[in-house]
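Working notes, beginning with the structure itself.
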Amino acid sequence: MRADMSSSKYQRIWDVVAEIPYGRVASYGQIARIAGLGGQARQVGYALHSTPDGLDLPWHRVINAQGRISFPKGSPSYRRQRELLEAEGIEFSNGRLDLTAYRWQPGDAELPKEYLEAEQNARKFSPRR
DNA sequence: CATATGACCTATG
DNA sequence: TCATAGGCCATAT
């Protein structure tokens, strides 16, 4: 929807984030891999930070690989993100949520099979470009 | 151009 | 569980 921002390098990242469904979460590294930026999890954080106004992304559904919110605990951003997630039925326990329970997996049909396996093994970066 | 920093990740001890 | 180290790369100074 929103044309003309296809010029941004972060377009693919935004596209992926936009697909995370209600009540589900994804990690930065996961987003990076799906967007074809294996190993560049940091860029996902940057992409979200520089999200243009008007682009209504479910940014709160992106958390780190430890199942924790990546903002400093107690910061306004931390609280906002946690509220949004809890409002979607996601429960926290000791500042952490259960990734095995809430992690989003893109539709099996549209995903290369090696992705799911990679998620299981998930111990190596995808080849870049 | 050289460093430092960051909404990160994995491996290892 | 925590700490350290190495990797990735766009931005800031």
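These numbers come from a predicted model, not from an experiment. Just so it is clear: chains get the letters A, B, ... in the order the sequence lines come, proteins before strands, and each one is counted from 1.
Rounded to a whole Å, the CZ atom of A:R79 is 17 Å from the P atom of B:dA7. Straight-line distance from the CZ atom of A:R68 to the C1' atom of C:dT1: 9 Å, rounded to whole Å. Atom CG in A:L37 sits about 9 Å away from atom P in C:dC9, given to the nearest Å. As rounded to whole Å, 12 Å separates atom C1' of B:dC8 from atom CD1 of A:I13. Rounded to whole angstrom, the span from the CZ atom of A:R96 across to the C1' atom of C:dC2 amounts to 12 Å. Summarising the geometry, the separation between CD on A:Q66 and P on B:dC9 is reported as 8 Å, rounded to the nearest angstrom. One atom, OH of A:Y10, and another, P of C:dA10, lie 7 Å apart when rounded to the nearest Å. The separation between A:R33 atom CZ and B:dC8 atom C1' is 12 Å, rounded to whole Å.
If you check the side chains of A:R103 and A:Q30, you find a donor sitting under 3.5 Å from an acceptor.
Judged as a side-chain hydrogen bond (donor to acceptor under 3.5 Å, both in side chains), and not counting sequence neighbours, the contacts of A:E86 are A:R82. Take A:T51 and apply the side chain to side chain contact (heavy atoms under 4.5 Å, CB included) test, not counting sequence neighbours, and it matches A:W14, A:L48, A:L55, A:L57. Under the salt bridge (Lys or Arg N to Asp or Glu O under 4.0 Å) criterion, A:E88 pairs with A:R61, sequence neighbours left out. By the side-chain hydrogen bond (donor to acceptor under 3.5 Å, both in side chains) test, A:T100 is found to be paired with A:D98, residues two or more places apart in sequence or in another chain being considered.
B:dT5 and C:dC8 are spaced 14 Å apart, taking the C1' atom of each and rounding to whole Å. Between the P atoms of B:dA7 and C:dG6, the separation comes to 23 Å (whole Å).
Between A:R79 and A:F71 there is no side-chain heavy-atom pair separated by less than 4.5 Å. Within the 4.5 Å cutoff, no side-chain heavy atoms of A:W104 are placed close to those of A:V25.
Distances from the side chain of A:K9 to the nucleotides C:dT11, B:dC8, B:dA7 place C:dT11 closest.
Among the atoms of the strands shown, none is found under 4.0 Å from any heavy atom of A:R80. Within the 4.0 angstrom heavy-atom criterion, no nucleotide atom of any strand lies near A:S50.
Residue A:S77 places none of its side-chain N or O atoms closer than 4.0 Å to OP1 or OP2 of B:dA7.
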Can you give me the N/O atom pairs linking the protein to nucleotides 2-6 of chain B at distances under 3.5 Å, or say none if there are none?
{"from": "B:dG6", "atom 1": "N7", "to": "A:R42", "atom 2": "NH2", "distance (Å)": "3.2"}

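In DNA chain B, stems built from 3 or more consecutive Watson-Crick or G-U wobble pairs, each with both distances under 3.5 Å, span B:2-6 with C:9-13, B:8-13 with C:2-7.
Considering all non-hydrogen atoms of both residues, A:A26 and A:I31 come closest at CB-CD1, 3.7 Å.
Judged by distance alone, the side chain of A:R12 and the main-chain N or O of A:A35 form a donor-acceptor pair under 3.5 Å.
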